[in-house]
Structure formats: C-alpha cells, structure tokens
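Quick notes on the structure that follows.
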Amino acid sequence: MSARERLHLSYIGTGVHDGKPRNAASPLAELLQFLDEQHAIRTPSTVARPWLVAHPLQPFDARYYERDAGGAPAYDERLYSYDATWLVPIRDDADVARAPFIEPALPRELPPTAREVPLQRLRRFWKDPARGMLDAAGVGLDALDEEAWPDREPLESRIAPLERFDRRLLFDALAARASGLPESPPPWLAGSGRLPGGAIGAETYADVRDATMATLAAARAWLDGAERTGAREVDVDLGDGVRLSGRIDRLFRHPDGRLLLFDAKPSGEAGLREWLAFHIDWAALRLGCDDAAAAFFEYDKKQRRAATPRWLGAMLAQDAQRLRAGLRRLVELWLASGARPLLFFPRTAWAFATSTRADQRIDAARKAWLGDENEHKGERDYAPGHARLLARDLDMFDDASPAHAAFAAAVTAVADVLDPAREVLFAPSRKNAA
C-alpha cells in the first residue's frame with residue numbers, strides 16, 4: 001500500500017435484512033484484529049475504537065440528523081450527512097394524538113375457560129413474551145428471522161451462534177460423565193452448518209469450548225456423581241380447577257435418590273429470560289414431582305469463570321405456597337395478554353428492576369431498550385423485531401405516560417412472583433449483580 005496519511009477501507013458489517021453483525025473479508029478482519037492486538041483490546045469489547053466508524057444501514061437513519069438541545073450531534077459526531085432529503089422538519093402538530101398499536105393495560109383475571117395449561121407453552125411464552133403475544137394475534141415475523149434457514153452457512157460474527165450449541169456440548173459431557181470437552185467440533189456440530197467455515201469457525205468453537213469448560217467443572221462439582229435421568233411428567237393443581245401439566249427435563253438423579261434440576265448459560269449472563277424459565281420448571285418440579293429436589297444454575301461472567309446468579313437464592317428460598325401462587329400468577333398474566341398485550345421485555349425489564357438507584361431505573365431501562373450506539377444492540381432491535389412491533393407508538397420511558405405505568409406494573413408483577421423478598425429485583429440497596 002502506498003497510503004501515507006490516510007487509508008479508508010469500508011465494508012457492510014451489518015445484515016441488510018436483520019441488522020445483525022456480519023464478518024468482514026479475511027484481509028480486513030485480520031487488519032481489525034491486528035489493530036485490536038496492538039492496542040490490547042480483547043474482542044468483543046466496549047472500548048471505543050477511534051479507527052472504526054460503524055455507519056447505520058440506511059441514509060435516512062436518525063443518527064445522521066438528530067442533535068441535542070445545544071445543537072451538537074446527539075450520537076457519534078462522525079455520523080453526518082450532506083443530504084437534507086431525509087431531514088424531518090420540526091412539526092407544529094407534534095401533539096396530535098395517534099391511535100396506539102396496542103392499548104397498554106395489565107388485566108389480572110384468569111379467563112374462566114382456561115383450566116388445562118401446558119407447561120411447555122407457559123415456558124415458551126415467558127422466554128419471549130412479545131413473540132408469544134404476536135404469534136397468538138396471528139402476526140408472524142418468521143420471514144425476517146435468519147434462524148429460519150438452518151441449511152445456510154452463518155455469516156454472523158463469532159458471538160452470534162454461541163447459544164445454539166454450547167448447552168448441548170455441556171449436557172452431552174455431563175451425560176457421558178466426561179471431564180472435558182472435545183478439542184474439535186463433534187460430528188453433530190461440524191456437519192450442522194452452525195459454525196462458519198474455515199479459521200473463523202475453528203476460533204468460534206475454541207471460544208465456546210473455553211467458556212463452557214468452566215461451567216462444566218462447576219456443574220460436575222455440584223452434581224457430585226449424579227447421573228442424567230429422563231424427563232418427568234408433572235401435573236400441578238394451581239387452585240380453582242386450574243392445572244399445569246407437562247414434562248421437565250434437565251434432571252439428574254443423585255445417589256441419595258433426590259432429583260436435581262440443573263441448567264446453565266455458558267456463553268453469557270443470566271437475566272430474567274433465564275430466571276423465568278428456570279423458576280417455572282423448579283416450581284413445577286417441587287409441586288408436582290419431588291418436594292425434596294434441589295436446583296442449581298451456572299453462567300459465564302465473560303471471564304471464563306462460572307458463577308452462580310444471585311437470583312438462585314431468591315428462587316430456592318420460596319416455600320411451596322409461594323411457588324404455587326407464583327405459577328398461578330404467571331399463568332394469569334400469560335392468558336390475559338391475549339386480550340391486552342403485556343409490556344414486558346426481559347432485558348429492558350431486568351435493567352429497570354436491577355438498577356442500583358430508583359431514580360436511575362428509567363434511564364437504565366431506556367439504555368437497554370435503545371442500545372448503546374455502536375457497541376450494544378438494544379432489545380427493540382433484536383431480530384426479527386417482535387419487541388419493536390409490539391411497543392410501536394408507545395413511550396415506555398415517560399414516567400407520566402400510561403405506557404410507562406403498564407410497563408412498570410408488568411415488571412413489578414413478575415418481580416412479585418420471582419423475588420417477593422426483593423433481594424435482587426427492586427432491592428432497596430445493594431450492589432447490582434446478575
């Protein structure tokens with residue numbers, strides 16, 4: 001190269017259909033890696049890279065035009081446009097009322113016809129409430145979901161596919177009572193198309209393997225010789241003729257005869273999404289199968305070190321009466337959301353409920369919802385877009401709006417189920433931890 005002062009290289013680092021990261025070509029990827037190494041930056045990282053400008057996909061993106069009250073760019077000052085075509089002038093009719101996409105509300109009554117509740121459907125709803133509500137309303141976004149095409153080689157960054165196979169690696173090793181993980185991808189993974197090809201795929205697997213090894217060691221220590229057992233059928237009476245029934249897996253049998261419920265998230269932190277799913281299974285297991293059972297959850301703190309989430313203690317501290325009432329409440333919220341959607345988005349709700357100070361909760365939730373510029377994607381931008389569609393036209397972060405009241409009420413309702421003692425959610429004073 002003959003460049004002396006400046007060298008400009010560009011590539012489309014974002015998928016045009018879903019907004020997810022895409023890999024650069026190998027020469028450019030190697031240059032970016034070289035720059036990170038020279039500045040001691042470990043990828044992924046929140047450290048700003050002065051040589052890297054991540055442009056929005058569209059020329060009309062608001063980040064090119066929005067300014068703060070002082071007239072300075074509201075986002076990265078390097079994002080600007082000479083084209084005024086997309087500049088939206090200030091409207092005099094900004095206060096004109098528009099019909100909301102949904103009517104925010106939080107009904108509390110269980111429909112009288114709902115008496116047999118499938119455990120799997122309840123768990124699936126609370127894993128992604130926005131998707132569950134839109135699916136129930138007949139609104140499908142599957143055409144925008146890249147995961148709908150498993151026969152295509154992934155082009156995302158190496159972080160994107162982690163959750164798709166790290167748990168299987170872990171549980172296969174536990175079932176085989178192995179002390180380690182395979183050095184190379186096992187056949188079921190190597191031929192699945194889930195890994196990128198070539199060196200990038202090898203590096204992806206190595207990263208996942210390293211992260212999962214710490215979780216495997218912690219799991220083996222807790223299980224203490226327990227063996228994997230088959231799924232169990234449960235049938236729980238929630239009162240007034242309402243029954244919750246289904247199958248629970250992720251079970252192990254301890255030598256002393258107790259059932260052990262174990263799960264993990266080797267590739268990241270454990271928030272409300274994981275807590276809800278684990279709580280539902282734990283409550284159903286205690287109430288419908290084995291009151292003497294034990295439970296354990298591990299996650300990776302992004303330091304190749306397994307940790308136990310603080311919420312595990314709050315879950316295990318609940319007695320049978322609270323567990324039964326909590327399951328009933330989760331069922332009520334789910335079924336009532338068919339009439340009036342529930343403004344509950346797990347990541348945003350987690351930020352809102354775990355903020356260290358009450359006066360910062362709205363700001364923390366807004367940041368989780370909108371994202372942090374080019375570093376972290378906000379929950380509203382998760383593909384294929386269920387959360388963004390459900391919350392369209394609603395300002396959940398205006399504390400005087402009905403939408404914020406509905407959002408806060410939904411988060412509080414879930415917190416009442418998961419953490420009635422307020423040890424983690426809406427804790428009065430504590431050090432925030434996952």
Nearest-0.5 Å distance, [atom1] of residue [X] to [atom2] of residue [Y]:
| X | Y | atom1 | atom2 | answer |
| --- | --- | --- | --- | --- |
| Leu418 | Leu272 | CG | CG | 6.5 Å |
| Leu7 | Leu31 | CG | CG | 8.0 Å |
| Leu79 | Asp61 | CG | CG | 8.0 Å |
| His279 | Leu330 | NE2 | CG | 6.0 Å |
| Glu298 | Leu312 | CD | CG | 9.0 Å |

Legend entry - Audit row: Arg347, Tyr382, side-chain hydrogen bond (donor to acceptor under 3.5 Å, both in side chains) steps and yes/no: CA-CA 11 Å; Arg347 181 184 170 189; Tyr382 288 176; 2.8 Å; yes
Inset, instruction - Could you go through the side chain to side chain contact (heavy atoms under 4.5 Å, CB included) check for His404 and Ile362 one step at a time? - result: CA-CA 9 Å; His404 174 72; Ile362 293 180; 3.7 Å; yes
Legend entry - Qualifying residue, where the test is ring-ring contact (aromatic ring centres under 6.0 Å, His included) with Trp126 and the options are Trp334, Phe344, Phe278: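 For Trp126, the ring-ring contact (aromatic ring centres under 6.0 Å, His included) check succeeds only for Phe344.
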Inset, instruction - Check each of Trp275, Trp282, Tyr299 against Trp311 using the ring-ring contact (aromatic ring centres under 6.0 Å, His included) test, and report the only one that passes. - result: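 Filter result, single survivor: Trp275.
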Inset, instruction - Applying salt bridge (Lys or Arg N to Asp or Glu O under 4.0 Å), name anything that partners Asp398, two or more places apart in sequence or on another chain. - result: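 For Asp398 there are no salt bridge (Lys or Arg N to Asp or Glu O under 4.0 Å) partners, ignoring immediate neighbours.
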Legend entry - Partners passing salt bridge (Lys or Arg N to Asp or Glu O under 4.0 Å) against Arg380 (at least two apart in sequence or in another chain):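 For Arg380 there are no salt bridge (Lys or Arg N to Asp or Glu O under 4.0 Å) partners, ignoring immediate neighbours.
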Legend entry - Centroid-centroid distance, Trp51 to His39, less than 6.0 Å: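 For Trp51 and His39, the ring centres are under 6.0 Å apart.
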What residues, two or more places apart in sequence or in another chain, satisfy side-chain contact (heavy atoms from CB on, under 4.5 Å) together with [X]?
| X | value |
| --- | --- |
| Ala202 | none |
| Arg361 | Phe352, Ser355, Ala358, Phe426 |
| Arg6 | none |

Would you call [X]-[Y] a salt bridge at under 4.0 Å N-O?
| X | Y | result |
| --- | --- | --- |
| Asp166 | Lys265 | no |
| Asp263 | Arg167 | yes |
| Arg366 | Asp395 | no |

Legend entry - From CA spacing to verdict: salt bridge (charged side-chain N to carboxylate O under 4.0 Å, His left out), Glu274, Lys127: CA-CA 8 Å; Glu274 293 76 23; Lys127 181 179 180 181; over 6 Å; no
Inset, instruction - Output all residues satisfying side-chain hydrogen bond (donor to acceptor under 3.5 Å, both in side chains) with Asp319, sequence neighbours left out; order by chain, then residue number. - result: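 Counting only residues at least two positions away or on another chain, Asp319 forms no side-chain hydrogen bond (donor to acceptor under 3.5 Å, both in side chains).
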Inset, instruction - Evaluate the ring planes of Trp369 and Phe345, with Trp represented by its six-membered ring, and classify them as parallel (under 30°), tilted (30 to 60°) or perpendicular (over 60°). - result: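 Taking Phe345 first and then Trp369, their aromatic rings sit tilted (interplane angle of 30° to 60°).
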